[in-house]
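Reviewing the structure listed below.
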Amino acid sequence: MPQRNIVSWTAMISGFSQNGQFLQAVKTFSSMRLAGENPTQFAFSSAIQASTSLGVVEFGKELHCLSVKLGFNFELFVGSNLADMYSKCGYLVDACRVFDEMPCKDEVSWTTMIDGYTKNGNFEEASLAFKKMVYEEVNVDHHVFCSTLGACAGLKASSLGKSLHSFIVKLGFELEIFVGNALTNMYSKVGDLESASRVLETNSECRNVVSCTSLIDGYVEKDQIDKALSVFLELKRQGIEPNEFTFSTLIKACANQAALEQGAQLHAQVIKSHLEKDPFVSSVLVDMYGKCGLIDSSVQVFDRVKDPTGIAWNSLVGVFAQHGLGRDAVRIFEQMTCKGVKPNEITFVNILRGCSHNGLVEEGLEYFNSMGKVYGVAPRPEHYSCVIDLLGRAGRLDQAEEFINKMPYEPNAFGWCSYLGACRTYGDKERGELAAEKLMALEPENSGTHVLLSNIYASAGQWEGVRSMRKMMRDGKVTKLPGYSWVDVVGIQYIRDHAFIPWWDKKVVCREECQLFQHRCGMERASQAPSKLNFDRVMNPIYHHWRACQEMDCHSAIKFISKVVGRKIIVRDNRFHHFGNGLCSCADFW
DNA sequence: GTAGGGTTAG
């Protein structure tokens, strides 16, 4: 073994770190310590970077303590590295503490903090940090702009983004590729797709897979799938290879639109590009097939992934949950944990929804209670809402109320909405009023609230209440967004000819209501309008409130249609319903 | 002799 001095140790550590061999870098640092050498600030920098990349905050903390002992923590590089390490590992408070204690900060230290705030979702602080650094006359370079533009994207702050853009042009950074990418992304995220496209048009240097993917995602978010696809085709025409980000964005769009054909074509391209094993791409494929109603294809894609990550498992649990196959969702969850894959927040949302849609109340409660204790996942507002939903759907309104009162915070909109829906289903006017009041404060523009409360009043025979709800909707200019479906029309058939009587024909009071809160899902059109459908696949991609429809009429209409035409029909609201021979897979439990 | 920050996805 050759004699090593501190410089050669340091060179080794930095070499490993720069080549992406982070574990080696960390190990070498430890060996150096065992050999009795005291690290230099250079060695600290590389070792801290390596533990940042590995995400091992424990080792990072050790390095921090040691650097304090040796008096390196106030150094420019070591301080910035430590702040970076803490913020990237999610310890923003510690990052701030290190940063604040640094006697001397440069643009790199500031960028680290701006980026740290952004990555931890604290966009406001990120933009304040930028303003502060400009005020303190710290040099700004293109890195600073990239990070700050990320914060604008998160804040949806188009005016701040625009002023940054002109600042960038003034300083001559607009041709930097990373800046162009960050600009395109910012404009896409704030929804200003014209400006996003303009950045790419005026600056061909910046037309690359990252910026194009940002633009595609911008169109996808606005449901302008055609435009998203044309950017994709243009990208390919220019010889730019789409990557895993591009594919997952587009496939996600296909999932949301239940665009099976497009999705399957993209799947073929994914295979050609050897990206089918990417954790994001495979998981979004699982999700896409699930959302298109093809559970088997979903499972097939999943089975082809060698070592599925948590993301892919989550998708599969989600697919079963969405299709009302709660027991299968539970089974997949158990397989996942048996294989040593750690469930996260999303897993629990999916499994709780699965339980909720199947009336698996005890199982759901057990999962909720085990989240923190067994799996170390702290319940978040969405999990609390799932439990409200779980109890509410099962008609346990007393328990749901008790749960709400014991929650550490107020339920979110989904929570109140579930509670309100349950109050409607089980005819609880008092509780319903409270839930509606809370929901209107949270989401004044949500027409579903007015509809549900109005229905509660109507079934209690309180027409004054019904009228006041209508007035509120008129005065508040609340309009119900119609749901819609993609259906392949292959002929003409009137289901009324088969003696289907819509409920607005049956009940005088409801007729008016139906017109007011017209529930325009595809099935209503199918029941009224002359359409014979290709009943293999009927999708409703919009999460609308069937529960708002007093007599669950769409639901019963589809059951009826499935019997009349003798075909299987799959319809999606906030889950999937498989209809056949006059029955639905949800057994009317939703 | 040896060291730091930036863009796209579930």
Side-chain angles (χ1 to χ4, degrees), chain A residues 5-15 17-18 25 39-50 52 72 75-85 87-88 99 102 105-116 118-119 140-151 153 173 176-186 188-189 196 199 206 208-218 220-221 242-253 255-256 275 278-288 309-315 318 344-347 349-350:
Chain A
N5 61 19
I6 184 62
V7 176
S8 64
W9 278 110
T10 309
M12 271 178 72
I13 298 166
S14 112
S17 189
Q18 280 174 4
T40 57
Q41 46 177 315
F42 300 104
F44 271 116
S45 278
S46 298
I48 296 166
Q49 264 189 86
T52 308
F72 287 138
E75 291 294 336
L76 188 57
F77 279 52
V78 175
S80 305
N81 289 146
L82 284 169
D84 192 41
M85 184 272 298
S87 72
K88 288 221 171 72
F99 179 76
M102 286 170 67
K105 303 162 179 117
D106 64 0
E107 65 270 30
V108 180
S109 339
W110 281 96
T111 310
T112 298
M113 282 318 293
I114 293 172
D115 197 52
T118 303
K119 293 268 157 61
V140 282
D141 61 10
H142 57 280
H143 290 270
V144 180
F145 284 112
C146 287
S147 296
T148 313
L149 284 168
F173 289 134
E176 291 277 347
I177 290 178
F178 272 78
V179 174
N181 292 348
L183 269 173
T184 317
N185 181 51
M186 180 276 293
S188 290
K189 287 271 161 37
V199 171
C206 296
N208 56 51
V209 67
V210 175
S211 56
C212 289
T213 301
S214 288
L215 185 59
I216 289 173
D217 194 52
V220 167
E221 283 299 312
N243 66 13
E244 62 274 32
F245 289 80
T246 326
F247 281 120
S248 43
T249 300
L250 280 169
I251 296 168
K252 180 187 75 182
N256 291 339
L275 288 169
D278 178 85
F280 285 98
V281 175
S282 56
S283 96
V284 85
L285 279 169
V286 168
D287 188 51
M288 185 272 291
T309 60
I311 308 170
W313 284 101
N314 284 353
S315 293
N344 68 5
E345 298 81 9
I346 297 171
T347 325
V349 169
N350 289 346

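Note: hydrogens, waters and symmetry copies are ignored here, and every other heavy atom, side chains too, is used.
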[X] near the nucleic acid: base, sugar-phosphate alone, or nothing, with a heavy-atom cut-off under 4.0 Å?
X	value
S283(A)	nothing
S109(A)	base
D278(A)	base
K88(A)	sugar-phosphate
E221(A)	nothing
L76(A)	base
D106(A)	base
V7(A)	base
V144(A)	base
Q49(A)	sugar-phosphate

Under 3.5 Å side-chain donor-acceptor pair for [X] and [Y]:
X	Y	answer
N208(A)	S211(A)	yes
T246(A)	N243(A)	yes
D217(A)	S214(A)	no

*For DNA chain B, which nucleotides open and close the run of contacts to chain A, 5' to 3', at under 4.0 angstrom from a non-hydrogen atom?*
dG1(B) to dG10(B)
*Parallel under 30°, tilted from 30 to 60°, perpendicular over 60°: which one fits the rings of F145(A) and F173(A)?*
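It falls in the tilted class, 30° to 60°.
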*Using the side chain to side chain donor-acceptor pair (under 3.5 Å) rule, pick out the option among S46(A), S109(A), S45(A) that qualifies with N81(A).*
S45(A)
*Sequence-distant partners of F245(A), ring pair (Phe, Tyr, Trp, His ring centres under 6.0 Å), two or more places apart*: none
